[in-house]
Engineer: 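One structure is given below, represented as structure tokens, and several questions about it will come after.
Each ligand, and each atom within it, is numbered from 1 in the order the structure gives.
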Amino acid sequence: MKKTKPHRQQLGTQAATTATQTGQIIAGHGRHYFVELASGEIIKCFPRGKRGGICVGDWVDLSTQGERAAIERLHERRNLLYRSDEMRSKQFAANIDQLFIVLASEPMFSDDLTGRALVAAETAGITPFILLNKADLATTPLARERLQPLIKIGVPVIEVHALDTDQVHTALDALLHDKTTLLLGQSGMGKSTILNALVPEAQAHTQAHSEALGTGRHTTTSTKLYHIPGSTGKIIDSPGFQAFGIAHLTAEDLVRGFTEFHEPIQHCRFYNCSHRHEPGCGVVAAFESGQIHPDRYALYQRLLHELESQPKY
Ligand SMILES: Nc1nc2c(ncn2[C@@H]2O[C@H](COP(=O)(O)OP(=O)(O)OP(=O)(O)O)[C@@H](O)[C@H]2O)c(=O)[nH]1
Ligand SMILES: [Zn+2]
């Protein structure tokens with residue numbers, strides 16, 4: 001069983017002449033980070049010493065000395081999400097209230113990736129919502145149909161037409177209020193269009209970054225936190241939906257990620273039941289009686305197999 005190391009809280013000692021300030025990481029590029037202070041000022045800084053593991057959404061204490069700023073201390077996190085990097089899980093965003101998973105019927109979304117994103121959210125204590133985008137398309141009923149197993153377990157599905165900015169605001173403003181929301185989506189689902197409807201300045205950012213990298217594409221290349229104009233909400237835009245990290249989970253964590261298993265596991269005969277072949281398993285019984293959807297049970301088996309077959313390190 002692999003667990004992340006405890007955070008090293010104190011990153012270094014503070015020189016007597018420095019001023020200390022607290023801020024939130026809004027972006028990171030290589031070794032440096034951008035931290036937003038309470039005043040709204042954004043400061044570029046480096047972690048003191050050799051240190052990774054700081055991510056967008058983290059709150060940190062900084063010491064500033066003239067033009068130079070160093071991250072001295074990482075505040076305790078409410079939660080943390082991971083992306084998978086080959087077989088490992090890498091931290092990529094912290095202190096998130098809710099996850100918006102952007103889906104569409106054209107191209108048709110992936111059930112598997114959606115299921116993984118839900119598991120990652122549930123195990124991290126983050127409330128998931130599905131945004132069914134491109135609601136204007138005639139193929140939308142097909143997507144609605146495919147979402148039935150998730151609607152049945154209580155995942156809220158909100159229909160969105162991202163090309164209509166007013167509709168996006170009507171559908172999402174109340175939910176975004178006072179919250180930090182992570183926006184995720186497979187390529188082509190309309191995530192950038194939704195982000196740009198909510199945060200017009202986001203377009204300029206992705207464009208400038210793509211130009212700096214010479215990619216010529218205006219896609220998200222790094223995780224970034226934005227304030228939503230006219231709202232108390234914040235939104236984190238992140239690439240990498242393809243590889244949502246679950247490799248850090250244990251088998252017990254995985255079960256927590258399937259909310260519809262919570263009641264049936266109370267009936268398992270064995271306390272260490274893996275909910276596959278054991279006699280007297282409440283989950284198998286719920287699956288056989290049709291209470292647990294076959295696609296969800298198959299996803300559980302797939303993810304458990306992945307966790308068991310990954311190298312231990
Ligand atoms: N019909 C329709 N098309 C939409 C809607 N939202 C986005 N699109 C189109 O779908 C395509 C993909 O939208 P993007 O916002 O670039 O998608 P993305 O999810 O950010 O994808 P990447 O940029 O590849 O990460 C674009 O051609 C959009 O104009 C919608 O609500 N309805
Ligand atoms: Zn069981």
Engineer: If we set the cut-off at 4.0 Å for heavy atoms, which region of Asn133 has an atom near ligand 1: side chain, backbone, both, or neither?
Structural biologist: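 The side chain, only.
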Engineer: Heavy atom to atom 30 (C) of ligand 1, shortest distance: which of Lys134, Glu159, Lys191 holds it?
Structural biologist: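 Looking at heavy atoms only, Lys134 sits closest to atom 30 (C) of ligand 1.
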Engineer: Which is closest to atom 28 (C) of ligand 1 by heavy-atom distance: Leu131, Leu183, Thr193?
Structural biologist: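 Going through Leu131, Leu183, Thr193 one by one, Thr193 has the nearest heavy atom to atom 28 (C) of ligand 1.
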Engineer: Does the side chain of Ile235 reach to within under 4.5 Å of the side chain of Val199, using non-hydrogen atoms?
Structural biologist: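 The answer is yes, as the side chains (C-beta and beyond) meet within the 4.5 Å cut-off.
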Engineer: Could a heavy atom of Glu106 be found less than 4.0 Å from some atom of ligand 1?
Structural biologist: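 Contact absent.
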Engineer: State whether a side-chain donor-acceptor pair under 3.5 Å links Glu36 with His227.
Structural biologist: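 Their side chains do contain a donor-acceptor pair, which is all the 3.5 Å distance test asks for.
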Engineer: Would Gln24 and Lys234 count as having a side-chain donor-acceptor pair, cut-off 3.5 Å?
Structural biologist: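 The answer is yes; a qualifying pair exists.
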Engineer: Can you see which heavy atom on Ala197 is nearest to which on Ala162, and at what distance?
Structural biologist: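 Here Ala197 and Ala162 meet closest at CB-O, 4.4 Å.
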Engineer: Within a distance under 4.0 Å of any heavy atom of Gln186, pick out the atoms of ligand 1 and give their elements.
Structural biologist: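 Every atom of ligand 1 under 4.0 Å from some heavy atom of Gln186: 19 (O).
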Engineer: Do the side-chain N and O atoms of Thr123 and Asp253 include a donor-acceptor pair separated by under 3.5 angstrom?
Structural biologist: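 No, because no side-chain N or O of Thr123 sits under 3.5 Å from a partner of the opposite role on Asp253.
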Engineer: Do we see a donor-acceptor contact under 3.5 Å between the side chains of Thr114 and Asp111?
Structural biologist: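 The criterion, which ignores hydrogens and geometry beyond distance, is not satisfied for Asp111 and Thr114.
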Engineer: What angle, to the nearest 10°, do the atoms ND1 (His275) and SG (Cys268) form about the Zn ion (ligand 2)?
Structural biologist: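 Rounding to the nearest 10 degrees gives 100°.
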Engineer: What angle sits at the Zn ion (ligand 2) between SG of Cys273 and SG of Cys281, to 10°?
Structural biologist: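 The angle at the Zn ion (ligand 2) comes to 110°, rounded to the nearest 10°.
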Engineer: Residue-level breakdown please: for Leu137 versus ligand 1, do any non-hydrogen atoms fall below 4.0 Å on the side chain, on the backbone, on both, or on neither?
Structural biologist: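 Side chain only; the backbone of Leu137 stays clear of ligand 1.
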Engineer: Is the closest N or O pair between Met189 and ligand 1 shorter than 3.5 Å?
Structural biologist: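 Yes, Met189 has an N/O under 3.5 Å of an N/O on ligand 1.
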Engineer: Could you tell me whether some N/O pair between Val160 and ligand 1 is separated by less than 3.5 angstrom?
Structural biologist: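 Such a contact does not occur with ligand 1.
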Engineer: Using a 4.0 Å heavy-atom cut-off, which part of Asp136 comes near ligand 1: side chain, backbone, both, or neither?
Structural biologist: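 Within the 4.0 Å criterion, Asp136 contacts ligand 1 through side-chain atoms alone.
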Engineer: For ligand 1, which atoms have a heavy atom of Ser192 less than 4.0 angstrom away?
Structural biologist: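 The list of qualifying atoms is 15 (O), 18 (P), 20 (O), 23 (O).
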Engineer: With no hydrogens and no angle check, just 3.5 Å: does a side-chain donor-acceptor pair link Asp61 and His75?
Structural biologist: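 A donor-acceptor contact under 3.5 Å links the two side chains.
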Engineer: Just to check, does Gly185 reach to within less than 4.0 Å of ligand 1 when the distance is taken from its heavy atoms?
Structural biologist: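 No heavy atom of Gly185 comes that close to ligand 1.
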Engineer: Side-chain polar contacts of residues 97-104 - donor-acceptor pairs under 3.5 angstrom, sequence neighbours left out - could you list them?
Structural biologist:
residue: Asp97; atom: OD1; partner: Arg78; partner atom: NH1; Å: 2.8
residue: Asp97; atom: OD2; partner: Thr180; partner atom: N; Å: 2.7
residue: Gln98; atom: NE2; partner: Leu175; partner atom: O; Å: 2.9
residue: Gln98; atom: NE2; partner: Thr181; partner atom: OG1; Å: 2.9

Engineer: Between Arg276 and Tyr297, which heavy-atom pair has the shortest distance, and what is it?
Structural biologist: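 For Arg276 versus Tyr297, the nearest heavy atoms are CA-OH, 3.6 Å.
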